[in-house]
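A short write-up of the structure that comes next.
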Amino acid sequence: MRRQRCFPLPGGEGLRVRGTGANEYEGFPLSNSGLTDAPCPAFTHWKHRGTTYKQPPCAGFCAGQNIEFPSLPGGNHSRYLMRVMRQRRKIAVMAGNLLEWFPVHARSLPWRRTRDPYAIWVSEIMLQQTQVKTATPYWKRWMRELPTVAALAAAPEQRVLKLWQGLGYYTRARNLRRAAQLVVARHGGIIPDRLDDLLALPGVGRYTAGAVASIAFNQPAAILDGNVTRVLARLFGITRSPREAAVNRRLWELAAAMVGAAAESKAPRACSRLNQALMELGALVCLPRQPKCDSCPLRQPCAARRKGLVGEIPAARLRPSAERRYHEVFVLENNGRFLMRQNPDAGVNRRLWQFPGYESQAAHRPTPADLLGRLGIVAARLEPLKTVRHQIMRYAIETRAHRAEFQRQEHSWAKPGRWVSLKELAALPLPSAHQKIAQMLTGGAQSETPSGASRLRRRRPGRAAPIPPPPSGSGSCPSPAPRRRVRGVPGG
DNA sequence: TTCCGGTACG
DNA sequence: CGTACCGGAA
């Protein structure tokens, strides 16, 4: 029995099937049904290093390398190889199209105008779960304030969180800072270019490591994010859910094949460009809803388009409907200062600051008695201030802020907090809902997104003035602060 | 109101 | 491998 090599894919020297020419199988019905990881139909066993296995290691294309197997010239196995070959050729064409498309159509984004791995890394972390439009002003401010790994490593956590405020997923910011410290300690402040070293950094997973390796260092590392998943699933007509482990594996293979094909091209910085092109196509053309297939550079080979499945791919995830939650929070004023509390080290929004409050089962109008019972605080003139709605995971949270005049703290069990001036308040990192409430106090016009906040720069949060009116249980009642009109409070 | 999404962690 | 984390856009 003759033996034949299963050539490495992607990349490699090209497939040669003995006794067959490239055109012999033109017209062979390609499996475009998406997951092509069905084993080669031609054989039921294969040999690798002396061991015989029942099935080929091939997932999709012959992914296994240097594996010998019995050849069946002209038979099913050759057909299989032909399919593999055509798939590869198709991928090379698609990669070429993308490489040409990108420089013409890509948005000019600030992190694309640099090759500084730190700048690119920061952008990739920010762009996790966050859209370009949102992240851009944050990135600019961040690079201004913390322009190097060393600067980030040396920055106090509270300052880093403040710079992140509004982006959500605050663990990203904490991890970014820790990772910078590790880069300083382990790599002398130089961002490593090896995938393994990148993966060892907190907050850097498979996607981000690949993104930094390819975009900053032009290595043929695969990336698969939401955009790329959608593009590849449609391109290859993958109808099964990308969340299935096997499908996800397949998508990573395809992503690797794409960047591998780019690596063989002559285009400058091809790997960097290809990966960015895949994401850019997903962001500009291959949109989740209403994709712009007419202007897609890959409309020709796109399997989903040919089959009219663009709307069905990628398979949607079913989510349980959101459960309603209510947070009652209190803007307690005392002599121009407001009571704020810092979250503990565990749980939601850890180490961010919030107005004191509690969770309630249903929306209701809290009474002074509620306030005393829940927070141990006696207050006067309770009135609704603002309601903020947002959705987190399966919870639709309604945060209802109430304004009240602090009188005294009754219970020693009550959690302490810090009384802060408006200026100090503006420097604390707050979750978005609370930031929106704080904006009612500091004046609606001033936004705490990077675009608007000028007067807050240079502040070092967390170093606020000595803690004012200690809520002592003594019962001594601070003289009521003169009532200040606060903008945004409905008259009456 | 619904949908979208990388990484860490258990 | 399922779940928690967040905010924004359609």
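Only heavy atoms go into these numbers, but all of them, side chains included; no hydrogens, no water, no symmetry mates. Protein chains get the first letters and strands the later ones, always in sequence-line order, with residue 1 at the start of each.
Ranking C:dC6, B:dC3, B:dA8 by closeness to the A:Asn175 side chain, first place goes to B:dA8. Considering only side-chain atoms of A:Lys436, the nucleotide from C:dC6, B:dG6, C:dG8 that sits closest is C:dG8.
At a cut-off of 3.5 angstrom, counting only N and O atoms as typed in the model, there is no donor on one side facing an acceptor on the other between the side-chain of A:Tyr169 and the base of B:dG6. If you check distances only, the side chain of A:Gln129 does reach the base of B:dG6 with a donor-acceptor pair under 3.5 Å.
Rounded to a whole Å, the CZ atom of A:Arg289 is 13 Å from the P atom of B:dT2. The distance from atom CG of A:Asn227 to atom C1' of B:dG6 is 12 Å, rounded to the nearest whole Å. Atom CD in A:Gln290 sits about 16 Å away from atom C1' in B:dC4, given to the nearest Å. Atom CZ in A:Arg350 sits roughly 13 Å away from atom P in B:dA8 (whole-Å rounding). Look at CZ on A:Arg172: it is 12 Å from C1' on C:dG8, rounded to the nearest Å. Spacing between atom NZ of A:Lys133 and atom C1' of C:dA10 amounts to 13 Å, rounded to whole angstrom units. Atom pair A:Met279:CE and B:dC4:C1' shows a separation of 17 Å (rounding to whole Å applied). Between the C1' atom of C:dG7 and the CD atom of A:Gln131 lies a distance of 10 Å, rounded to the nearest Å.
Taking A:Arg113 as the reference, nothing meets the salt bridge (Lys or Arg N to Asp or Glu O under 4.0 Å) condition, with sequence neighbours excluded.
A:Arg206 comes within 4.0 angstrom of the backbone, heavy atoms only, and of no base. Nucleic acid contact for A:Pro202: sugar-phosphate only, since backbone atoms but no base atoms lie under 4.0 Å from a heavy atom of the residue.
A:Arg374 forms a cation-pi arrangement with A:Tyr358, by the criterion of a distance under 6.0 Å to the ring centre and an angle within 45° of the ring axis.
Mapping A:Leu127 and A:Arg178 onto DNA chain B by nearest heavy atom places A:Leu127 at the nucleotide closer to the 5' end. Projected onto DNA chain C by closest heavy-atom contact, A:Ala245 and A:Leu430 fall at different nucleotides, the more 5' of which corresponds to A:Ala245.
The salt bridge (Lys or Arg N to Asp or Glu O under 4.0 Å) contacts involving residues 193-215 of chain A comprise A:Arg194-A:Asp196, A:Arg194-A:Asp197, where partners must be two or more places apart or lie in separate chains.
The CH2 atom of A:Trp419 lies 12.5 Å from the CG atom of A:Leu425; values are rounded to the nearest 0.5 Å.
Within the 4.0 Å cut-off from OP1 or OP2 of B:dA8, not a single side-chain nitrogen or oxygen of A:Thr171 is found. Taking only side-chain nitrogens and oxygens, A:Thr208 comes nearer than 4.0 Å to OP1 or OP2 of B:dT7. Between A:Tyr207 and B:dG5 there is no side-chain N or O to OP1 or OP2 distance below 4.0 Å.
Residues A:Arg249 and A:Glu244 are not paired through a salt bridge, judged by the lack of any N-O separation under 4.0 Å between the basic side chain and the carboxylate.
Remark: the separation of the P atoms in B:dG10 and C:dC6 is 16 Å, to the nearest Å. Spacing between B:dC4 and C:dA4 at atom C1', rounded to whole Å, works out to 16 Å.
Ring geometry for A:Trp101 versus A:His105: interplanar angle under 30°, hence parallel rather than tilted (30 to 60°).
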